[in-house]
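For reference, the structure is listed below as structure tokens.
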There are 2 protein chains.
Amino acid sequence: MKLTRRKLEIVSTAAKLFRKKGYNSVSMRDLAQALDIKAASLYNHISSKQEILAIIILEVAENFTEHINTVFPESINSVEKLESVIENHIQITVEKTNALACLNNDWMHLEQSDLESYLVMRNAYEAKMRNIIEQGIQQKQLQDRNIDLVLFSLLSTLRTLHLWYSKNKETSPQLMFEEMKQNLLHGIIR
Amino acid sequence: MKLTRRKLEIVSTAAKLFRKKGYNSVSMRDLAQALDIKAASLYNHISSKQEILAIIILEVAENFTEHINTVFPESINSVEKLESVIENHIQITVEKTNALACLNNDWMHLEQSDLESYLVMRNAYEAKMRNIIEQGIQQKQLQDRNIDLVLFSLLSTLRTLHLWYSKNKETSPQLMFEEMKQNLLHGIIR
DNA sequence: ATTTTAAACTAACAATCGTTAGTTTTGTTA
DNA sequence: TAACAAAACTAACGATTGTTAGTTTAAAAT
């Protein structure tokens, strides 16, 4: 997918607006105004509002997919895999805050094949995460718990970390990584 | 706030629809259709779409406020307070799944005094949670970590637990409570 | 049986939505 | 400088939005 400079400006401005109010609450006139042009002018660069949403979300989804595919077959133990996943979530949170928020909040407004692609990627991601956790339990590195709830506990925090980060942008990724590793893997009780 | 039977049906049907697609993606005609009446008929019972959203969200927000206000001054230690908070989140997740999802996803579409009330309640809630965590660290019951990130780690999972529950409705609140207590407080590592 | 009330209806409104067509401006290349 | 391409513009479209006015139907109270 080739993105011209202007198209990229449109997409990233859209991501910023979508994050704040949601896809359906941002009109093409809102988006145009943020770029200081008229709504009709947007269509010199993009084919539809839907296309903008798909570009934003699918790119981030592909980032997650690529990372889990590299970490999954590696011969490291499951805790190290989880740490790598945490690190990746933090990186995407920091580098693509707006797009990540769109993915979380507006994926259900994707249509047809884009929605299908997203769901395929999400399901595959969760299946691989589940696998890592199962492996960790088998190898006695993780506590023997309800796998689905462990999976959810991890992902719920990692997926919404952008909410915290957008109010704490001065925080270094390193600090976030160390703290979240502790909170998520070791808990908070002394 | 007095809610007639019919008004309650409208509000709870709205909550169900808002959860799936978001406030601004559900039209009054959509809502009316789900109730098998015409859109204009809704206005015999409610004054505006906004009113519906405010009723849904503020009621849940008040539930959270009430609970934290009872648990806060009690002379129990901070871990017991956190456990009580977890339990309350699970109860609301189970009993008011749709309304909780609306609160999470659509609070920013509240207007004026309703938005103001919501934010006041949310800020007070987070401040009290923060206080519990600080107390726990001082009393050496909790690890000495970044307080804001501990707070976020807990709340991010508790707030979005409805996402998991709506796909796992057969799970008992007791099981959820025990597992989440473990995951959130003690971590997942063996 | 008559009146009253509650809750549905039809029809329409002004505003806003995403998008298209056709035109003008701007900047680059020949 | 003339020609071309990129990117803006104005104007408008049909559809949909939340909501109002006025009317009819159904149920309850007198």
Side-chain angles (χ1 to χ4, degrees), chain A residues 1-58 102 105-115, chain B residues 1-58 102 105-115:
Chain A
M1 198 179 303
K2 51 187 189 280
L3 290 199
T4 64
R5 185 190 55 82
R6 193 57 168 154
K7 186 163 180 174
L8 220 144
E9 282 174 353
I10 291 172
V11 167
S12 88
T13 303
K16 201 186 308 180
L17 297 184
F18 292 168
R19 185 187 111 218
K20 283 202 192 110
K21 312 206 296 165
Y23 176 71
N24 267 314
S25 306
V26 176
S27 71
M28 293 303 274
R29 286 166 180 82
D30 291 336
L31 174 56
Q33 195 169 45
L35 289 155
D36 213 29
I37 60 177
K38 301 290 174 177
S41 307
L42 293 168
Y43 290 84
N44 284 316
H45 306 278
I46 52 103
S47 68
S48 69
K49 192 184 180 188
Q50 255 302 299
E51 190 203 358
I52 301 178
L53 185 67
I55 291 174
I56 294 171
I57 292 181
L58 293 183
C102 289
N105 302 328
D106 286 321
W107 63 266
M108 73 288 287
H109 299 120
L110 289 173
E111 287 173 4
Q112 299 148 26
S113 71
D114 292 326
L115 177 58
Chain B
M1 197 179 302
K2 49 183 190 281
L3 289 198
T4 65
R5 186 190 55 83
R6 193 57 168 156
K7 185 162 181 175
L8 220 144
E9 282 174 353
I10 290 172
V11 168
S12 87
T13 302
K16 201 186 308 180
L17 298 183
F18 291 169
R19 184 187 110 218
K20 285 204 190 108
K21 313 205 297 164
Y23 176 70
N24 268 314
S25 307
V26 176
S27 72
M28 294 302 274
R29 286 166 181 82
D30 292 337
L31 175 56
Q33 195 170 45
L35 289 155
D36 213 29
I37 59 177
K38 301 289 173 179
S41 306
L42 293 167
Y43 290 84
N44 284 316
H45 306 278
I46 51 103
S47 68
S48 68
K49 193 184 179 189
Q50 255 302 300
E51 189 203 359
I52 300 177
L53 185 67
I55 290 173
I56 294 171
I57 292 181
L58 293 183
C102 289
N105 303 328
D106 286 321
W107 63 265
M108 74 287 288
H109 299 121
L110 290 172
E111 288 172 5
Q112 298 149 28
S113 71
D114 292 326
L115 177 59

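These numbers come from a predicted model, not from an experiment. All chains are named by letter (A, B, ...) in the order of the sequence lines, taking the proteins before the strands, and each is independently numbered beginning at 1.
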Pair A:Glu51, A:Ile55 - check side-chain contact (heavy atoms from CB on, under 4.5 Å), show working.
CA-CA 6 Å; A:Glu51 190 203 358; A:Ile55 291 174; 3.8 Å; yes
Does D:dT17 have OP1 or OP2 sitting under 4.0 Å from an N or O in the side chain of B:Ser27?
yes
Using whole Å, what does the distance between atom P of nucleotide C:dT26 and atom NZ of A:Lys38 come to?
15 Å
For residues A:Ser27 and A:Asp30, is any side-chain donor paired with an opposing acceptor at under 3.5 Å?
yes
Using a distance-only criterion (donor-acceptor N/O pair, under 3.5 Å, no hydrogens), is the base of D:dA6 paired with the side chain of A:Asn44?
no
Separation between CG (A:Leu110) and CD (A:Gln50), nearest 0.5 Å, reads 6.0 Å
Closer than 4.0 Å, any side-chain N/O of A:His45 to the OP1 or OP2 of D:dA6?
no
Give A:Arg6 one of three labels, base, sugar-phosphate or nothing, depending on what nucleic acid heavy atoms sit under 4.0 Å from its own.
sugar-phosphate
For the pair made of OH in A:Tyr43 and P in C:dG22, what is the distance, rounded to whole Å?
18 Å
Using a 4.0 Å heavy-atom cut-off across all strands, classify B:Ser41 as base, sugar-phosphate, or nothing.
base
Under 30°, 30 to 60°, or over 60°: which ring-plane class applies to B:Phe18 and B:Tyr23, parallel, tilted or perpendicular?
perpendicular
Measure the distance from CD1 on A:Ile37 to P on D:dA8 and round it to the nearest whole Å.
5 Å
Whole angstrom is fine here: how far is it from CD1 in A:Ile46 over to C1' in C:dT20?
13 Å
